[in-house]
A.B. asks: 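Have a look at this one before I ask anything.
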Amino acid sequence: MDRRSFIKLTAVTGTSAALASCGVPENQLIRFVPDEDIVPGVAVWKPGVCPLCAAGCGLTVRVMDADADVARNGQLGVVRIAAAKKLEGAPNHPVNRGGLCARGQAAIQVTYHPDRITQPLKRAGERGDGRYEAISWDDALADVVSRLDGLEEAGNQRALAFLSRGGASHRAVLIEQFLARFGAPPPAVYELFGDEVLRRANATSFGREQLPTIDLANAMFVLSFGADFLGTWNSPVAQAAAYGVMRQGRPGIRGGFVQVESRMSQTGASADEWVPARPGTEGVLALGLAHVIMAAALRPASAAGRAGALVDGWSDGLRSYTPEQVEKITGVAAARVVRLARQFAEMRPSVAVVAGPPLAHTNGLFTAVAVNALNALVGSIEQPGGVFFTPQVDLAAALKMSGRAAGAPAPPFRLQREGADDPHIGDAQVLLVDGANPVFTAPRVWGVDQALAKVPYIVSFGSFLDEMAVLADLILPDHSFLEAWREAVPESGATVAVASVAPPVMRPLYQTRSTPDVLLEVGRRLRRPLNLPWQTFDQMLAAAFAALPSASPDADAWTDAQAKGAWSGPVPPGLGRAASLPAPPAARPIAFEEPRFDGDAGQFPFHFLPYPSSAFLDGSLAHLPWLQEMPDPLTSAMWSSWVEINPAAAERLGIGQGDVLEIASAHGSIRAAAVLTPGIAPDMVAMPVGQGHRTFTRYASGRGANPVEALAPMTEPATGALAWAATRVRVSRVGPPDGRLVLFAGGMREHVEEHR
Amino acid sequence: MPRWGMAADLDRCNGCGACVVACHAENNISTVGPEEAARGRAKHWLRVERYWEGDFPDVRVTFRPVLCQHCDNAPCEPVCPTYASHHTEEGLNAQVYNRCIGTRYCANACPYNARFFDFFNPSWDKPLHLQLNPDVSLRMVGVVEKCTFCVQRINGAQVQAKAEGRGVRDGEIQPACAQSCPSRALVFGDLDDPESQASRLSRSPRGSHLLEDTGSRPKVAYLARQA
Amino acid sequence: MKAVYGLYPDGLSAQDAVNRLRAAGLADRDITVISSQPMEDYEFGHMDKSTWMWWLACLGGLVGMSFGLVLSWYTATAWPMNTGGLPTFAWWPKLIIIFELTMLGAIFATVATLVVSALIPRKGQSLYDPEVSDGRILVGVENPADEAVATLETALRAPAGAQVKQTP
Amino acid sequence: MSHPTGVRINNDLLRPLLLTSWRFYLLVAFFGGFVVAGGIAWGSQIYYGFGIAGLKWPIYWAFYVTNFVFWIGISHAGTLISAILRLVNAGWRRPVTRCAEVITVFALMIGAMFPIIHLGRPWLAFWLFPYPSDRLIWPNFRSPLVWDFFAINTYLTGSILFLLLPMIPDFAVVRDKSTGLRRRIYRIVALGWRGTPKQWHRLESAMQIMAIAIIPVAVSVHTIVSFDFSMAPIPMWNTTIFGPYFVAGAIFSGIAGLLIAMAVLRKFLHLEDYLHPVHFENLGKLLLVMALLWGYFVFNERLVTYYGNGPAEMTVFWQTQRRSFAPLYWTMVFGNFVLPLVLMGIRRFRTITGCVIASLGVVVGMWLERFLIIVPSLGNKYLPYSFGSYSPQPAEIVVTVATFAAMALLYVLFAKFIPIISIWELKAGEHPSPVLIPPATEEHRLGELHL
């Protein structure tokens with residue numbers, strides 16, 4: 001028996017169970033040597049890093065053997081592989097401590113998604129029609145290299161653009177290094193629900209250009225201005241864990257929690273008290289509380305320090321923010337303002353959090369700065385039960401690279417080039433796209449797709465044909481997060497510096513390649529090589545982690561971090577991102593400005609609030625069936641889009657549960673089913689972002705509507721961030737319930753009504 | 001003999017739904033798709049119920065994770081003609097899929113609506129099936145399925161403990177829902193061990209059982225929200 | 001089979017014929033009466049000895065009851081399963097099974113008694129005339145002694161409307 | 001009122017058997033078509049999965065179980081009524097009993113189909129049988145469904161025998177009146193019946209015993225069907241009144257079904273001389289009594305619930321009184337109470353037409369009653385988050401219609417092959433009752449009824 005037939009025989013006997021599902025297996029079967037650490041039927045747990053949001057939670061991945069149809073060396077076959085079975089939170093990870101949110105649990109479906117792109121694709125039809133043909137990695141990389149060489153020959157390196165979702169990571173450092181060495185501008189970053197305004201405010205108030213870590217676990221009183229910190233904002237698992245401790249983790253002590261927002265979020269639903277304030281006036285309420293605290297001499301104005309000094313009128317005790325005045329502006333009763341202020345000042349340690357809709361107004365920076373000042377007033381900065389800033393490792397410094405000025409504000413997302421070094425996407429000759437999908441998440445009126453249509457050559461590293469990838473001329477699919485080296489550098493969620501890292505959990509299912517490795521290879525193959533000092537991404541990671549002190553006496557930092565899935569500890573000297581920024585130039589103090597809204601209040605009587613959906617965040621997770629079928633916490637909706645409207649407003653307009661509504665702004669209109677909910681102000685309609693994908697796999701395509709399409713191009717002026725809560729709309733009923741709204745629960749108001 | 005039970009702290013639960021997806025991942029619960037979901041066939045062994053109180057602006061919400069309560073006097077058990085639904089010695093309310101002929105009587109008799117019927121053969125779009133947990137049997141069309149308290153994990157931990165010549169430690173067994181819960185609202189353990197965390201929480205003055213007045217003697221204690 | 005019989009238009013004449021046969025010295029068990037309906041209004045309609053049918057029905061009920069008891073007891077204890085905290089052998093639900101099987105036993109016993117005692121044809125008793133279904137009443141004697149035939153014919157012919165026949 | 005003679009009775013009642021008109025084939029094809037459609041619907045349900053029905057979480061019982069209870073209820077038309085009438089020796093029963101008992105047998109057969117139709121895995125229905133399997137797994141005798149199995153089987157067996165026994169003399173008549181193959185077949189099924197006083201007497205005795213045995217069985221059957229609901233701790237189900245309530249409802253709907261069947265038979269088989277207005281009137285009075293009894297039970301059930309004022313019960317209560325199920329509920333009250341009360345209570349309306357209209361109201365109303373017992377409770381069970389609503393899908397509707405067609409088809413076929421009115425009982429009831437002719441001697445008096 002020769003070797004070939006022996007292999008065939010073992011394959012046939014070994015996988016007989018899988019034969020039935022596999023066409024003509026004799027022609028296809030290949031038997032690979034199983035991964036050496038796999039024992040049939042025995043589970044192995046390996047560390048991983050959750051890729052779905054910036055929180056960077058640590059995973060522990062259950063791996064077992066499974067028979068899979070895979071492609072190897074261009075051949076298809078059934079192979080016994082080591083397959084990830086379940087994701088759980090890594091018990092000792094400093095951010096998530098064993099917990100994992102619904103989205104993280106569902107991340108495994110990214111790897112096993114039936115519509116994943118399995119190999120490099122080259123556009124075969126018109127842009128956007130989704131027709132692609134297979135291409136080999138060699139040819140694909142040669143194509144990219146020749147394009148970049150073309151730019152270099154023409155001396156037009158600045159016409160290379162890179163679009164990503166931002167956030168600190170080694171991958172981002174690699175991209176930045178790639179672009180810098182090539183001579184291109186830094187990557188353009190677009191994130192619909194990005195926190196630029198809050199980062200800018202924190203930089204202004206505290207000198208920290210980053211998201212805060214809220215020490216809920218030690219807080220006695222939490223006052224949240226619109227922050228959905230238990231659902232979608234920042235590091236929800238870490239925050240929910242701390243929330244659990246705040247409520248019931250301390251014997252005899254239960255922290256209080258008040259939420260200020262005009263549409264009840266999942267987080268607001270857990271609050272002891274829900275305070276609807278007029279949209280865009282949350283900062284006034286914060287200053288009103290500060291006024292009461294200072295007027296009652298519970299805390300001196302000086303306690304707020306720099307954060308307070310930034311606020312117009314602070315030193316005079318905020319005389320224009322009396323409770324009566326605040327009631328007029330915010331709609332919150334004066335007595336309630338006084339009571340909240342007293343609670344906030346007396347139930348120490350207390351902490352105020354701000355994020356989400358209050359910052360998505362034209363005066364978002366004012367609101368954030370006002371809340372920061374309130375926090376500072378009660379002494380809750382870097383104190384137990386208050387606001388912390390997770391120390392950040394300067395990754396570029398750890399790699400001995402020169403990078404973007406540490407802590408410099410992220411440039412706003414622009415379609416067109418303004419300064420020579422400004423990131424942009426619209427004026428590029430070659431555009432590389434990693435993760436971002438502004439075609440879906442940017443307002444239609446920005447014209448992202450028209451701008452992209454002018455870019456002659458777009459390369460996507462996406463794993464799915466979403467609205468962005470479908471415009472690409474070349475798709476170089478990345479490995480899934482379980483198949484490649486993954487890392488994350490959480491911006492928040494812990495009080496010590498954290499860097500998550502994990503080696504591949506399983507072998508790639510398909511002919512995909514890790515995007516960092518692809519970038520490194522392209523850099524090597526260029527006519528003028530970029531001379532990046534690493535051959536592969538894991539070499540880069542090894543170098544970065546080697547610069548960190550080991551947390552374990554038995555192993556170096558790199559070995560230890562791989563085994564644990566994370567490194568954490570004090571930042572070694574010289575590697576920290578600037579602890580504080582100099583005070584900003586002495587601009588005039590920040591004062592309340594009426595929020596500006598797009599659309600006339602008479603013609604467009606409703607505020608329109610698109611919000612990140614619990615399941616899909618900004619829509620990038622709409623392709624995961626578990627999340628599609630997970631009932632929304634407040635409406636129990638599955639597989640659908642909906643518009644939340646107050647029952648009183650609905651009655652006025654003759655709208656019933658499930659009726660089809662048209663939501664029209666001055667810039668577009670969308671249709672979705674009505675959900676009547678008491679947790680929203682009568683002059684507001686809200687809609688989750690996430691559905692309405694034109695193309696995004698079989699589970700999300702053509703499902704529901706995308707509220708972002710109707711948004712006005714309003715921005716927060718200081719950061720240029722999209723003010724996504726600043727659009728006004730009119731609402732009209734266009735039809736009866738037509739089945740587009742799928743609810744798991746029977747109805748919205750389920751308490752038994754009394755009939756006598 | 002342990003008596004497995006759970007305590008659910010509604011003051012910690014914030015409705016995030018992590019448990020719901022964790023349950024799907026652990027127990028091979030198939031998604032049914034939008035059309036079937038619209039027809040009321042979605043299967044969620046564990047659901048987070050949400051109750052509104054009051055009208056705008058004085059609105060209050062309570063979340064309540066509801067799963068099989070593994071009642072001591074389970075109404076679903078005596079009505080099953082084939083013993084598919086019965087009680088194990090460890091107090092679990094077991095559902096033997098192979099014995100189930102699909103009368104759905106148990107699902108009707110369950111006051112908590114914790115039982116779900118497979119209207120079609122569960123299927124997974126390849127290769128989503130690679131995720132399936134080999135420790136949990138797949139169901140077929142026409143049977144009733146429900147929360148098992150992750151009996152596969154209970155058995156696994158017991159086998160492990162026995163191999164190591166010791167008893168099962170409190171907290172060693174975590175059903176997928178409790179394991180994933182970010183705010184640690186769900187605590188699983190032996191109710192016959194007065195020292196176990198679940199048992200101590202169940203005796204909390206905040207504790208009560210859901211629909212106790214049906215006489216079902218459920219083993220999931222709910223700790224009320226305060227304030 | 002040899003028989004001599006008369007067909008009568010109504011019960012009175014049939015009763016007359018029966019009475020005359022009795023007068024001719026025949027015992028009730030030797031007289032065959034066939035009608036298309038029960039003739040309970042006439043004395044000859046009651047020519048039957050008392051039966052054990054009621055007692056047999058009760059016996060059948062007892063058998064059914066015991067079977068129900070044994071079945072439910074055995075099946076419950078053969079593999080004791082805890083369902084809903086009910087006792088393994090719970091009397092109340094068992095009573096239902098026992099009751100139904102008791103009744104089933106009684107019904108089966110009744111039918112079996114009827115079939116065995118009344119429907120299984122006896123040897124030498126097959127006298128019949130299709131005219132019975134038109135309402136005539138047959139009174140006759142099966143397998144009469146040859147010498148008695150004439151006497152019987154006379155007796156049968158006497159009542160009004162009689163139509164006497166003989167089979168060879 | 002003419003009293004047909006024996007020969008005329010034979011001719012009239014055997015006519016449908018001996019003469020076959022094209023109408024028969026048309027009817028068989030018509031009803032058969034529906035039955036085949038129902039079979040296809042059920043087949044698709046097995047093939048494609050139970051999902052093609054409209055059931056959903058948490059309403060796992062609806063049309064099929066409604067039909068089950070409805071048909072089991074209809075089955076109380078015959079055997080129970082005929083047994084009671086037989087025991088009280090109501091003379092007017094004679095033309096009625098058989099067509100009533102036939103309803104029982106067929107309705108039971110149809111009703112007993114539904115627990116199988118509604119199974120998720122009907123091919124495993126035999127697991128309900130108490131047979132010694134190799135793994136010693138017996139049915140759970142604590143389950144009301146197993147009680148159902150025993151009760152329905154006992155009732156079905158008893159009813160079939162109760163129907164068959166008095167048919168034997170009629171088979172003999174057909175045997176005598178027919179020729180050829182038919183004669184040979186009826187000779188076999190006549191079981192050698194001749195009509196001796198002994199046979200008549202034992203047949204009557206057996207019928208007496210059967211009548212006595214079948215009445216408690218019939219009562220138990222519908223009580224046990226009610227246990228299917230009242231054994232579960234579900235709002236508005238877990239109540240002690242369900243046993244008698246269901247039995248009364250069953251008799252009620254049974255009488256209505258019987259009245260309709262009788263009217264149809266009278267019309268199409270030209271039995272005007274046998275089914276007299278007085279039969280309808282008497283049954284109509286019975287219908288009136290049952291309507292009052294039904295109203296009494298409903299009043300009891302509702303009033304007790306109302307005063308109990310449990311939140312779960314009151315949710316279901318108001319669902320039926322005022323909310324989504326209210327139209328169905330008040331239709332039911334109209335059909336089951338108002339209509340029969342008016343039509344049967346006022347003598348002028350107690351005609352055959354009046355009876356049929358009232359009966360149609362009752363049949364519809366009683367079907368709705370079962371639906372309204374099942375669905376609102378399941379859809380509004382305790383936890384408001386899991387409330388649900390139900391609407392039937394084509395599969396369920398087709399199967400439901402098919403069962404009514406099946407009832408009609410079986411009836412048509414039965415009337416084709418078996419005299420629909422008991423010939424001998426009719427004859428026995430038609431002759432005047434003279435003074436008992438004294439026996440020749442006292443010793444010949446045999447065969448007293450041993451009651």
Side-chain angles (χ1 to χ4, degrees), chain A residues 41 64 66 68-69 83 85-86 88-89 96 98-102 105-106 108-109 112 114 230-231 236-237 240-241 243-244 247-248 254 256 264 266-267 269-270 272 274 276 509 614 625-627 629-631 633-634 636 638-639 646 648 678-682 703 739 742 744 748-751, chain B residues 9 11-22 24-26 31-35 37-38 40 42-44 47-63 124-135 156 176 179-185 206 223 225-227:
Chain A
M64 287 182 85
D69 292 289
K85 290 288 177 186
K86 187 165 187 298
E88 295 187 352
N96 56 314
L100 194 61
C101 69
Q105 294 277 350
I108 195 165
Q109 293 196 317
Y112 297 132
L230 297 174
V237 178
Y243 171 82
R247 288 299 209 184
Q248 291 293 339
R254 177 179 186 269
M264 186 181 270
Q266 176 205 325
T267 303
S270 293
D272 300 320
W274 181 67
L509 291 173
S614 300
W626 281 344
L627 297 179
E629 201 157 307
M630 177 179 81
L634 286 166
S636 91
M638 306 176 282
W639 295 97
N646 185 288
I680 187 166
R703 179 167 307 292
V742 178
F744 179 61
M748 281 302 296
R749 292 193 69 85
E750 292 100 345
H751 61 255
Chain B
D9 191 336
D11 213 4
R12 287 177 181 250
C13 177
N14 55 70
C16 72
C19 48
V20 176
V21 178
H24 274 255
E26 174 74 14
T31 50
V32 297
E35 293 81 17
K43 291 171 283 184
H44 297 293
R47 62 179 183 269
V48 182
E49 298 200 334
R50 170 270 298 119
Y51 291 100
W52 293 104
E53 289 166 64
D55 287 308
F56 182 86
D58 301 313
V59 188
R60 220 182 121 90
V61 173
T62 306
F63 293 110
W124 286 265
D125 293 334
K126 277 191 167 184
L128 284 174
H129 70 286
L130 287 179
Q131 181 275 332
L132 293 177
N133 183 353
D135 296 345
Q179 197 282 331
S180 73
C181 181
S183 55
R184 299 279 162 250
R206 292 194 292 133
L223 277 62
R225 261 183 84 177
Q226 283 181 340

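Below, read A as the first sequence line, B as the second, and so on, with proteins coming before strands; counting in each chain starts at 1.
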A.B. asks: A:P276 versus chain B, heavy atoms under 4.5 Å apart: side chain, backbone, both or neither?
C.D. replies: side chain
A.B. asks: So which part of A:I108 gets closer than 4.5 Å to some heavy atom of chain B, the side chain, the backbone, both or neither?
C.D. replies: side chain
A.B. asks: Could you tell me the separation between the CZ atom of A:F744 and the CD atom of B:E49, rounded to the nearest 0.5 Å?
C.D. replies: 8.5 Å
A.B. asks: Does any heavy atom of chain B fall under 4.5 Å from the side chain of A:A681, the backbone, both, or neither of them?
C.D. replies: both
A.B. asks: Looking at residues at least two apart in the chain, or sitting in another chain, which of them share a ring-ring contact (aromatic ring centres under 6.0 Å, His included) with B:F63?
C.D. replies: none
A.B. asks: Looking at A:Q105, A:K86, A:K85, which hits side-chain contact (heavy atoms from CB on, under 4.5 Å) with B:E26?
C.D. replies: A:K86
A.B. asks: Could you tell me whether the side chain of A:W626 reaches within less than 4.5 Å of the side chain of B:V20, counting heavy atoms only?
C.D. replies: no
A.B. asks: Pick whichever of A:Q266, A:R247, A:M264 has the most heavy-atom pairs under 4.5 Å with chain B.
C.D. replies: A:Q266
A.B. asks: In the structure I gave you, are the side-chain heavy atoms of B:V21 and A:L627 within less than 4.5 Å of one another anywhere?
C.D. replies: yes
A.B. asks: Among residues at least two apart in sequence or on other chains, which ones pass ring-ring contact (aromatic ring centres under 6.0 Å, His included) with A:W274?
C.D. replies: B:F56
A.B. asks: Evaluate the side-chain proximity of A:M638 to B:H44: yes if any heavy-atom separation is below 4.5 Å, no if none is.
C.D. replies: yes
A.B. asks: Could you check if a side-chain atom of A:N96 sits within less than 4.5 angstrom of a side-chain atom of B:P182, using non-hydrogen atoms only?
C.D. replies: no
